[in-house]
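In what follows, a structure is listed as structure tokens, so that the remarks can point back to it.
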Amino acid sequence: MTNSSSLDYWQSAAAVVESSNDAIICTDLSGTITSWNKAAKTIFGYPPEEVIGQPVFLLAAPGREDEMPIILDQIIRGERIQHYETVRCHKEGRQIAISLSVSPIRSVSGRIVGASKIARDITERKEAEAELHRLNETLEQRVAERTAELEELNRQLQAKIAEREGTDRRLRELQSEVFHAARLSAVGQMAATLAHELNQVMTAAANFVNASRRLLASGDRHKIDTVPKVMDEAAVEILRAGRIIGRLRAFVSRGETERRVENVVTMIEESTALALIGTETSVRTSFHFDPKAERVFADRVQIQQVLVNLMRNAVEAMAGCRRRELEVRSALLDDQTAEVAIFDSGPGLDKSVANHLFEPFVSTKPNGMGLGLSICCSIVEAHGGRLKSEPNPGGGTVFRFTLAAAPTRIFSDGD
């Protein structure tokens with residue numbers, strides 16, 4: 001290389017160093033600064049005339065004074081340092097985050113004579129990272145706080161749900177107790193007629209037994225041969241009493257409220273037998289059952305309570321009428337709904353009463369409490385149905401209520 005070429009090379013190199021955005025600093029092996037570019041002044045605040053000839057240690061940040069001697073030892077051993085992130089001190093005293101790369105400077109003979117340091121200001125990047133870290137910690141804290149809040153809200157919600165379930169359970173228990181009390185009240189109202197009915201049955205049975213005793217005592221073979229027939233009649237009367245008592249026990253039983261598939265015809269027939277016990281006036285009864293509405297989802301005892309109440313009301317309403325006809329019909333309204341209707345031939349309902357018929361304490365009876373129909377309405381609505389009344393076209397009143405129909409096709413002929 002000629003002297004001219006060498007001069008051009010060093011001039012170009014100096015221009016590159018001077019125009020760099022990174023601080024480029026050269027020191028000898030003792031750490032004395034020998035060169036200082038424009039970027040070094042921008043980053044550290046010192047002009048060249050204030051630092052050239054000064055030890056590089058003046059840039060050391062508090063607590064990091066031992067770094068520079070260690071770096072110089074590495075350079076003397078011919079090692080390089082690449083992108084070492086550390087902190088240095090500005091002329092004004094503030095700290096600057098830098099990325100530092102240091103390489104040995106060698107003479108023409110290859111001997112290490114100094115160190116070349118390139119320092120890049122990464123203060124803004126570090127501040128951004130710190131801010132990002134702070135925001136991340138803040139976000140994590142807020143997420144943790146929000147999670148804790150949501151967990152607390154969920155705990156409170158679960159507590160409210162448990163409380164609501166407890167309240168609903170208690171309401172169901174109270175409702176069951178009210179329904180049971182209503183059934184006991186109905187039985188209380190029937191007590192006298194029940195006693196009369198059972199007395200008639202037992203008297204008849206006793207008469208048959210006494211007749212059999214007399215026939216046996218007569219010694220007449222022909223009369224003795226008729227004793228089995230007479231005893232059969234006594235047994236029929238006793239079984240009749242048993243059926244009356246059995247229906248009564250089922251009607252007043254508290255039991256568990258359970259909805260299941262029930263036979264509409266059976267419920268109506270059993271309820272009719274209960275409702276007509278001890279009826280002082282003759283009532284002509286008729287039934288029209290829709291085979292498509294044979295089964296419903298219901299609590300048997302509660303729905304029989306509704307049927308007994310409606311039928312006894314109908315019988316009492318017809319007490320002073322010459323024509324006393326009670327008709328019960330079932331019908332399938334649609335695939336999911338069955339209807340039961342009770343027709344009577346009584347005097348009908350006054351319009352002023354009909355509008356408030358299912359409200360508590362509204363009664364058409366002189367001594368009625370006005371709770372029966374209200375309880376019936378509650379039972380039907382609890383089954384998802386509706387109870388209503390309307391005038392009977394043939395005279396009297398019709399009560400209709402709906403229940404959820406059970407598909408008959410899923411049952412075999414033997415249930």
Side-chain angles (χ1 to χ4, degrees), residues 1-140:
M1 180 181 292
T2 63
N3 290 335
S4 176
S5 297
S6 178
L7 180 61
D8 291 341
Y9 171 77
W10 287 112
Q11 286 177 342
S12 297
V16 170
V17 169
E18 193 65 20
S19 62
S20 174
N21 291 326
D22 296 331
I24 300 176
I25 305 167
C26 295
T27 67
D28 59 20
L29 294 180
S30 68
T32 301
I33 298 172
T34 58
S35 70
W36 184 269
N37 72 343
K38 186 185 296 184
K41 176 185 176 183
T42 302
I43 293 172
F44 297 105
Y46 293 98
E49 60 271 18
E50 290 185 11
V51 292
I52 292 177
Q54 299 295 322
V56 75
F57 305 113
L58 66 84
L59 300 177
R64 294 179 178 266
E65 292 85 358
D66 294 339
E67 279 187 359
M68 291 185 175
I70 294 172
I71 290 173
L72 280 175
D73 288 343
Q74 289 179 272
I75 294 301
I76 291 171
R77 293 195 300 268
E79 298 175 5
R80 290 174 176 268
I81 297 171
Q82 297 289 334
H83 309 299
Y84 172 61
E85 294 187 357
T86 183
V87 178
R88 292 292 182 260
C89 205
H90 190 272
K91 180 181 179 180
E92 296 175 353
R94 56 187 171 85
Q95 293 187 357
I96 307 166
I98 63 169
S99 174
L100 183 65
S101 296
V102 187
S103 302
I105 297 176
R106 297 178 184 273
S107 65
V108 176
S109 62
R111 183 171 61 89
I112 297 174
V113 295
S116 173
K117 304 179 180 183
I118 301 175
R120 176 168 294 174
D121 187 353
I122 59 172
T123 302
E124 289 186 359
R125 194 193 83 190
K126 284 294 185 181
E127 289 176 350
E129 288 177 355
E131 178 65 14
L132 183 61
H133 181 68
R134 186 188 67 78
L135 291 174
N136 186 56
E137 287 185 338
T138 302
L139 179 60
E140 288 178 353

Practice task
Check whether the side chains of H133 and E129 place a donor and an acceptor atom closer than 3.5 Å, and report yes or no.
Solution key: no
Problem - ring-ring contact (aromatic ring centres under 6.0 Å, His included) partners of residues 22-48, not counting sequence neighbours, each pair once - result: W36-F44
Donor-acceptor pair, distance only, cut-off 3.5 Å: does the side chain of [X] make one with the backbone of [Y]?
X    : Y    : value
S116 : C26  : no
D22  : I118 : no
E140 : T138 : no

Exercise for the section: Determine whether more than 12 heavy atoms belonging to other residues, nucleotides or ligands lie under 6.0 Å from atom CZ of R80. Expected result: no
Handout entry: CD/E124: more than 12 non-hydrogen atoms of other groups inside 6.0 Å
Key = no
Is there side-chain contact between [X] and [Y], with at least one heavy-atom pair below 4.5 Å?
X    : Y    : value
L29  : I112 : yes
L59  : V51  : no
K117 : V56  : yes

Practice task
Take E137 and R134, measure what salt bridge (Lys or Arg N to Asp or Glu O under 4.0 Å) needs, and give me the verdict at the end.
Solution key: CA-CA 5 Å; E137 287 185 338; R134 186 188 67 78; over 6 Å; no
Looking only at heavy atoms, what is the nearest atom pair of [X] and [Y], with distance?
X   : Y   : value
E65 : P69 : O-CD, 3.4 Å
E79 : I75 : O-CD1, 3.4 Å
A40 : I25 : CB-CG1, 4.2 Å

Completion exercise
Taken to the nearest 0.5 Å, the spacing of D121 CG from I98 CD1 works out to 8.5 Å
Exercise for the section: Could you tell me the separation between the CD1 atom of I24 and the CZ atom of R120, rounded to the nearest 0.5 Å? Expected result: 10.0 Å
List, one per line, each side-chain donor-acceptor pair under 3.5 Å for residues 85-97, sequence neighbours excluded.
{"unit_1": "E85", "atom_1": "OE1", "unit_2": "K126", "atom_2": "NZ", "d": "2.7"}
{"unit_1": "E85", "atom_1": "OE2", "unit_2": "R125", "atom_2": "NH2", "d": "2.4"}
{"unit_1": "T86", "atom_1": "OG1", "unit_2": "R64", "atom_2": "NH1", "d": "3.2"}
{"unit_1": "T86", "atom_1": "OG1", "unit_2": "E67", "atom_2": "OE1", "d": "2.7"}
{"unit_1": "T86", "atom_1": "OG1", "unit_2": "E67", "atom_2": "OE2", "d": "3.2"}
{"unit_1": "T86", "atom_1": "OG1", "unit_2": "R88", "atom_2": "NH1", "d": "3.4"}
{"unit_1": "R88", "atom_1": "NH1", "unit_2": "E67", "atom_2": "OE1", "d": "3.0"}
{"unit_1": "H90", "atom_1": "ND1", "unit_2": "E92", "atom_2": "N", "d": "3.0"}
{"unit_1": "H90", "atom_1": "NE2", "unit_2": "R94", "atom_2": "NH2", "d": "3.4"}
{"unit_1": "K91", "atom_1": "NZ", "unit_2": "E50", "atom_2": "OE1", "d": "3.2"}
{"unit_1": "K91", "atom_1": "NZ", "unit_2": "E50", "atom_2": "OE2", "d": "3.4"}

Practice task
Go through the steps for T32 and T27 under the test side chain to side chain contact (heavy atoms under 4.5 Å, CB included), then give the verdict.
Solution key: CA-CA 5 Å; T32 301; T27 67; 5.8 Å; no
